[in-house]
Amino acid sequence: MTAVRRDRADPRPGSRAHRARYRRILRFAAWHLAETWWFELFLPHLGLVRTAERTRTKRMRRFAQRFHVLAVDLGGLMIKVGQFLSSRLDVLPPEITKELEGLQDEVPPVSFSAIRTLAEAELGAPLERLFASVEETPIAAASLGQAHRARLRPGDAADTGLESVVLKVQRPGIDAIVDVDLAALRKVGGWLSRVRLVSDRADMPALVEEFAQTSLEEIDYLNEGANAERFAVEFADDGRVGVPDVVWERSTRRVLTLEDVTAIKITDTAALLAAGIDPAQVAPVFASVMFEQMFTTGFFHADPHPGNIFVTPSTGPSAERAWKLTFIDFGMMGEVPANTRSGLRKLLIAAAERDGEGLVAAIRNVGVLLPSADTVELERAMTHLFARFGGMGFAELRAVDPREFRDFAVEFGDVVRSLPFQLPENFLLIIRAMSLTSGVCSSLDERFNLWDSVEPYAAQLLRDERGNIVQDVAQQALDAAVLAVGLPKRLNGVLTRLEDGSLAVASPRLEQQVKRLDRTVQRSASALIFGALLVAGSVVRADDTVLGNVLMIVSVVPLLHGLWAGRSGL
């Protein structure tokens, strides 16, 4: 079966196999787009809404099953697309996500002879000369490559400090397959961009290009090695996180050699308990580490599924913690720009405070809502959501009457569909990472309550934001004070030059105008300093009553000065 699939994935660009692959993807997409248009748009237009609703669950399940077969048969990026769909628990029905869950691990391996051929061509020597041993049975097989355990030769082990390593090798011909898949996805994205229901909410061609960039980076193992080192630097002082070292002397664009950090799979609760580690204590630490990546450092692991995270028990009496989280597979990484990260922080704070209006404002700030959106109904729905379900853990949510969920989903869905949503750049990976994080935490502890992890983190963010506000206001007050102090001297200099004739004057009334300008600037500067001190005092007063009161009292001085300057100019 593997040999047949390998023949179908002919590595020659433009081969008959690639053209057949391209046409098969497009036929699948065209058929299901036409079916969706017929049932969801055309029949309701004829008044046959019930017909569409009655068959919807069956159609969703059938689509997921057919896509599952297509993805496993073709491999390549189709597996990645399926994995992304399986993680979209927030917008896709369970009929689809449940069926596609198996795509996380259901990838047949490539024969070791093909792996050996590619690795030796890349490294320029037989594997026996480069490694003491290489296991032929892979420890992991993914859609773009697979990994084998190996041992470094004694000299290399002494130089690197490593003995056991993992040899990660790309699937032969994957470059050409990725090109074909991206060409097909670009075509489908073009089709979807002509559907107004889709184009009003997302720039599909741009999303496909974002997916393309991520996929091309993922098949560049030198890029993955650099990502691993950058991630290690970001968490160098965090004892909760571990990262494998890279053996650069045995790495190329298609081959990557890493420290073997294999330990307990994060969702293997039986193994965790056997090692004396409580899974319920792992969940909040994992959530906190992921929050740190997305909301603080801005450089995050975008594929944190259970196969990519180990729980590593600590050894030795000097260990600070009993265990740590070890991340692997840094091919799919996301980067959150500073402005987006600021918006996400505000969103997190609003969610922690159960502030429906603030949450909608943060969503708009991030760019998910277009500026023209009328958000009154969305704010009401969010407030209702927090009032009814806010703070519930996974187990508590399961106990809620499904009819209540269904009624709320219908109402909430109508509100969402009526708004001009869009999916900004970089959000594909953010959504994927958050979805996977939530799923892992829930599998570790059914009673896990995401709010328990969100609230203390959001509280710290709120304190940081407040500190930034105070700092900004204080800086503005200082700048205004410097300006106010320096302006009279600069204006006097201008007047002196006017008096001694060193400055050409075109109007005999210029001196009078300069005096008026002097008074106006003084009043403006006084008003600015007054406002800055008053605002700073009111903000600081929440944390330091004495300092806040002093600032507010002192603000009276520039206020009186401004009034005096205005009167003296009458």
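Computed from a predicted structure; not experimentally measured. Throughout, residue positions are numbered sequentially from 1 according to the sequence presented.
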- Hey, are the side chains of Trp31 and Arg66 touching, using non-hydrogen atoms and a 4.5 Å cut-off? yes

- Item | Polar side-chain atom of His148 near backbone of Glu135 as donor-acceptor pair, under 3.5 Å | yes

- Item | Close side-chain approach of Leu429 and Phe300, heavy atoms under 4.5 Å | yes

- Message: Nearest 0.5 Å, please: how far is CG in Leu152 from CD in Glu259?
- Response: 10.5 Å

- Would you call Lys324-Asp238 a salt bridge at under 4.0 Å N-O? no

- Run the salt-bridge test on Arg151 and Asp260 with the 4.0 Å N-O cut-off and return the result as yes or no. no

- Message: Taking the side chain as everything from C-beta on, heavy atoms only, tell me whether Val440 gets closer than 4.5 Å to Pro306.
- Response: yes

- Heavy-atom side-chain contact between Leu258 and Ile328 under 4.5 Å: no

- Task: Taking the six-membered ring for Trp and the full ring for Phe, Tyr or His, determine whether the centres of His18 and Tyr22 are under 6.0 Å apart.
- Result: no

- Message: Taking the side chain as everything from C-beta on, heavy atoms only, tell me whether Arg230 gets closer than 4.5 Å to Asn227.
- Response: no

- Straight-line distance of Ile115 CD1 to Lys168 NZ, nearest 0.5 Å: 12.0 Å

- Note on the structure: So ring pair (Phe, Tyr, Trp, His ring centres under 6.0 Å) across residues 233-271, not counting sequence neighbours, yields Phe231-Phe235

- Find out whether Arg21 and Leu74 are in side-chain contact, i.e. whether some heavy atom of one side chain is under 4.5 Å from a heavy atom of the other. yes

- Task: Mind checking side-chain contact (heavy atoms from CB on, under 4.5 Å) for Arg59 and listing every partner two or more places apart, or none if nothing turns up?
- Result: Glu35, Phe39, Glu40, Ala52, Thr55, Arg56, Arg62

- With sequence neighbours excluded, tell me which residues meet side-chain contact (heavy atoms from CB on, under 4.5 Å) with Leu130. Leu123, Ala125, Arg250

- Query: Taking only residues two or more places apart in sequence, or in another chain, which ones meet His301 in a ring-ring contact (aromatic ring centres under 6.0 Å, His included)?
  - Reply: Phe327, Phe330

- Say whether, by atom type as modelled, one donor and one acceptor occur between the side chain of Ser251 and the main chain of Thr257 under 3.5 angstrom. yes

- Under the criterion side chain to side chain donor-acceptor pair (under 3.5 Å), which of Asp175, Asp220, Asn223 is the partner of Arg253? Asp175

- Query: Can you find a side-chain donor-acceptor pair between Ser143 and Arg171 that sits under 3.5 Å?
  - Reply: no

- What distance do Phe310 atom CZ and Thr326 atom OG1 have between them, rounded to the nearest 0.5 Å? 8.0 Å

- Query: Is the closest side-chain heavy-atom distance between Val311 and Phe286 below 4.5 Å?
  - Reply: no

- Query: Can you name the salt bridge (charged side-chain N to carboxylate O under 4.0 Å, His left out) partners of Lys80, sequence neighbours left out?
  - Reply: Glu218

- side chain to side chain donor-acceptor pair (under 3.5 Å) pairs touching residues 183-192, sequence neighbours excluded, are Arg186-Glu209

